[in-house]
*Asks:* 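Could you have a look at this structure, given as C-alpha cells, before my questions?
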Protein chains: 2
Amino acid sequence: MPHTTFDPHDHSACIQQALQAAQAHCAEHKLQFTKIRRRVLEILLAQHHAMGAYDILEQLAAEGQNAQPPVAYRALDFLVSNGFAHKIQQLNAYIACTHPGAEHTPAFLICRTCKGVAETCLATGNHPPAGMFGGAARDMGFRIETAVIEASGLCPACQQQDIPCA
Amino acid sequence: MPHTTFDPHDHSACIQQALQAAQAHCAEHKLQFTKIRRRVLEILLAQHHAMGAYDILEQLAAEGQNAQPPVAYRALDFLVSNGFAHKIQQLNAYIACTHPGAEHTPAFLICRTCKGVAETCLATGNHPPAGMFGGAARDMGFRIETAVIEASGLCPACQQQDIPCA
DNA sequence: CTTGATATGTTATATCATAACGTTTAATTA
DNA sequence: TAATTAAACGTTATGATATAACATATCAAG
Ligand SMILES: [Zn+2]
Ligand SMILES: [Zn+2]
Ligand SMILES: [Zn+2]
Ligand SMILES: [Zn+2]
C-alpha cells in the first residue's frame with residue numbers, strides 16, 4: 001500500500017523514486033530534464049505541502065541561484081505539463097505528483113492546520129470522474145476534459161489538536 | 001426540472017428569483033443586503049460566465065461608480081460567505097449561485113470555448129462528497145470540510161463547432 | 001441621543017503570473 | 001564536423017489578482 005503525506009514514512013525513498021521516474025519518462029519521450037527542472041522538482045519533493053513559485057525562487061536564491069520569476073514558472077509549467085507536479089488552485093501553489101508517470105485524475109486533501117497536502121488517485125486511466133458528477137455532466141451533454149478536485153479539512157494528526165468534542 | 005447555463009431559458013426570471021432569495025435570507029439572518037452588495041450580485045447574475053473582481057469594477061465604473069478594488073472584494077466576500085455566489089478557482093473569477101439559500105456542495109462545469117459556467121448540485125445538505133473520493137479520505141482518516149470541484153470541457157453547443165469527429 | 005458595531009471610501013502595497021527579447025545550449029542534418 | 005534550426009534560459013518590465021490599514025459614514029441597540 002502506498003503511503004501518503006499523512007502517514008509517516010521514509011520520504012527520501014519517495015524522492016529518489018520520483019526523480020528516477022521523471023528521468024525515465026523524459027528519456028523515453030525525448031524531453032529535456034534539465035538542471036533547473038530537476039532542481040525545482042527536488043525542491044517540491046522535499047516538502048509535503050504545496051509551494052508557491054516565489055517560495056521556490058527563495059529556495060533557489062538561498063542556494064546562490066539568483067533566478068527571476070519566469071525561471072520558476074517555466075520549470076513549473078514543464079513539470080505540470082508532463083505530470084510530475086500539480087497546481088493546487090485553492091493555494092496558488094504547486095506540489096510534486098505522487099503517482100509519477102501514470103496517467104491519472106488527481107484529487108487533493110489539504111489540511112487547513114498543518115498545510116499538508118495528500119494526492120489521492122480518483123480514476124485510473126485518462127477518464128475524468130466517472131462518478132456522481134460525471135453523470136450530471138452527461139445528463140446535460142457536457143463533455144468533461146479535465147477536472148480540479150480539492151478538499152480542505154483536517155488531517156488525522158490535526159484532528160487531535162482540534163477542539164476534541166465539537 | 002431546473003434549467004442550466006447550457007439550456008436556453010428566460011434568465012430574467014432566474015435573476016428575480018435569486019435576488020428575492022438573497023433578500024429574504026438576509027432579512028431572516030439579520031444581514032445587511034446593502035446597495036453595493038445587491039448591485040454586485042445583480043452584475044454577476046446578468047452573466048452566465050464567471051467574472052473577475054476587476055470586471056465588476058469596470059461595470060461599476062461604467063455606471064458612474066468609481067469604486068476601488070476593496071469595494072469589489074468586500075462585496076464578493078459577503079456574497080460568497082453567505083452562499084449567494086461562488087469563486088471559480090481555476091479562473092480567479094466569481095459567479096452567482098444558482099441554488100440560492102440551500103446548503104449545498106457545488107460543482108462546476110466550465111466550457112473552454114464559450115466560457116459558460118454551469119453549477120451542478122452534488123450533495124444536498126452540508127455533507128461534502130460522500131462518493132468518489134469521500135471514501136479515500138475516510139480511509140486515511142482525513143475529515144473533509146469543504147470541497148472545490150470544477151470540470152472543464154465543452155458544453156453541448158460548443159461540441160458542434162469543434163472538430164466534428166475527433 | 002449616545003454608543004458600539006458594521007460597512008464604506010481611499011491610498012498604498014502585497015502576491016501571483018506572463019510578455020518580450022536577446023543569448024545560450026541542445027538536436028538535427030548536410 | 002559545420003551549419004542550421006529548435007528549445008531552453010537570463011533578464012527586464014509589466015500585467016493581473018488580492019489585501020493591509022486607516023479614516024469616515026451608516027446602522028442597531030440601549
Ligand atoms: Zn499526480
Ligand atoms: Zn494537518
Ligand atoms: Zn451554489
Ligand atoms: Zn460552450
Side-chain angles (χ1 to χ4, degrees), chain A residues 22-23 25-44 49-61 63-82 84-95 110 115 148 150, chain B residues 22-23 25-41 43-44 49-61 63-82 84-95 115 148 150:
Chain A
Q23 187 146 11
H25 184 273
C26 286
E28 180 169 359
H29 293 78
K30 311 220 187 220
L31 300 168
Q32 295 179 233
F33 195 42
T34 64
K35 188 167 187 170
I36 183 107
R37 288 170 176 174
R38 182 188 184 94
R39 187 71 201 108
V40 171
L41 180 55
E42 286 171 350
I43 289 170
L44 290 178
H49 57 260
M51 300 182 74
Y54 283 75
D55 296 332
I56 288 166
L57 289 169
E58 254 184 56
Q59 178 64 41
L60 290 173
E63 297 168 6
Q65 180 135 181
N66 193 4
Q68 298 305 307
V71 170
Y73 284 103
R74 286 195 286 232
L76 289 168
D77 283 351
F78 173 85
L79 296 174
V80 169
S81 297
N82 293 288
F84 306 139
H86 300 291
K87 179 171 186 180
I88 308 296
Q89 299 286 345
Q90 284 185 61
L91 303 176
N92 292 320
Y94 304 82
I95 192 163
I110 306 165
K115 311 303 180 195
V148 171
E150 303 173 2
Chain B
Q23 187 143 13
H25 183 273
C26 287
E28 179 170 357
H29 293 78
K30 311 220 187 223
L31 300 168
Q32 296 178 233
F33 196 44
T34 65
K35 188 165 186 171
I36 184 95
R37 289 168 177 176
R38 182 189 184 92
R39 188 68 202 111
V40 171
L41 180 54
I43 290 170
L44 289 180
H49 58 260
M51 298 182 76
Y54 284 76
D55 296 332
I56 289 165
L57 289 168
E58 253 184 57
Q59 179 64 40
L60 290 172
E63 297 168 6
Q65 182 134 180
N66 193 4
Q68 299 305 306
V71 170
Y73 284 104
R74 285 196 286 235
L76 288 167
D77 283 350
F78 173 85
L79 295 174
V80 170
S81 297
N82 293 288
F84 306 140
H86 302 289
K87 180 172 185 179
I88 307 296
Q89 299 286 346
Q90 283 185 64
L91 302 176
N92 293 320
Y94 304 82
I95 192 162
K115 310 304 180 193
V148 170
E150 303 173 1

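Just so it is clear, the values below take in all heavy atoms, side chains as well, and ignore hydrogens, waters and symmetry mates. Note on naming: letters A, B, ... go to the chains in the order of the sequence lines (proteins, then strands), and numbering restarts at 1 for each one. Being a predicted model, the structure only gives us computed values, none of them experimental.
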*Asks:* D:dT19 C1' sits how many Å from A:Asn92 CG, rounded?
*Replies:* 14 Å

*Asks:* Using atom CG of B:Asp77 as one end and atom C1' of D:dT19 as the other, report the distance to the nearest whole Å.
*Replies:* 10 Å

*Asks:* Strictly below 4.0 Å: does B:Tyr73 bring a side-chain N or O up to OP1 or OP2 of D:dT19?
*Replies:* no

*Asks:* If only side-chain N and O atoms of A:Arg37 are considered, is one of them under 4.0 Å from the OP1 or OP2 phosphate oxygen of D:dA8?
*Replies:* yes

*Asks:* Roughly how many Å is it from CE in B:Met51 to P in D:dA16, rounded to a whole number?
*Replies:* 16 Å

*Asks:* Separation of B:Gln32 atom CD from D:dA28 atom C1', in whole Å?
*Replies:* 8 Å

*Asks:* Closest heavy-atom contact between B:Tyr94 and B:Val80?
*Replies:* CD2-CG2, 4.2 Å

*Asks:* With respect to the phosphate group of C:dT25, does any side-chain polar atom (N or O) of A:Thr34 fall under 4.0 Å of OP1 or OP2?
*Replies:* no

*Asks:* Between A:Leu60 and A:Ile43, is any pair of side-chain heavy atoms under 4.5 Å apart?
*Replies:* yes

*Asks:* For a quick check under 3.5 Å, do A:Gln59 and A:Arg39 share a side-chain donor-acceptor pair by atom type?
*Replies:* no

*Asks:* For A:Leu91 and D:dT17, what is the distance between atoms CG and P respectively, to the nearest whole Å?
*Replies:* 18 Å

*Asks:* Side chain of A:Tyr94 only, please: which of C:dA17, C:dT10, C:dA20 is the nearest?
*Replies:* C:dA17

*Asks:* How are the rings of A:Phe84 and A:Phe78 set to each other: parallel, tilted or perpendicular (split at 30° and 60°)?
*Replies:* tilted

*Asks:* D:dC9 P sits how many Å from A:Gln65 CD, rounded?
*Replies:* 10 Å

*Asks:* In whole angstroms, how far is the C1' atom of C:dA17 from the OH atom of B:Tyr54?
*Replies:* 14 Å

*Asks:* Has A:Lys35 got a side-chain N or O lying under 4.0 Å from the OP1 or OP2 atom of C:dT24?
*Replies:* no

*Asks:* Quick one: B:Lys87 NZ to D:dT19 P, roughly how many Å, whole number?
*Replies:* 7 Å

*Asks:* Taking all non-hydrogen atoms of both residues into account, name the closest pair between B:Gln89 and A:Gln90 and its distance.
*Replies:* OE1-CA, 3.8 Å

*Asks:* Select from A:Ala75 and A:Gln68 the residue whose nearest nucleotide in DNA chain D is closer to the 5' end of that strand.
*Replies:* A:Ala75

*Asks:* Under 4.0 angstrom, heavy atoms only, what part of the nucleic acid is B:Phe33 near: base, sugar-phosphate, or nothing?
*Replies:* nothing

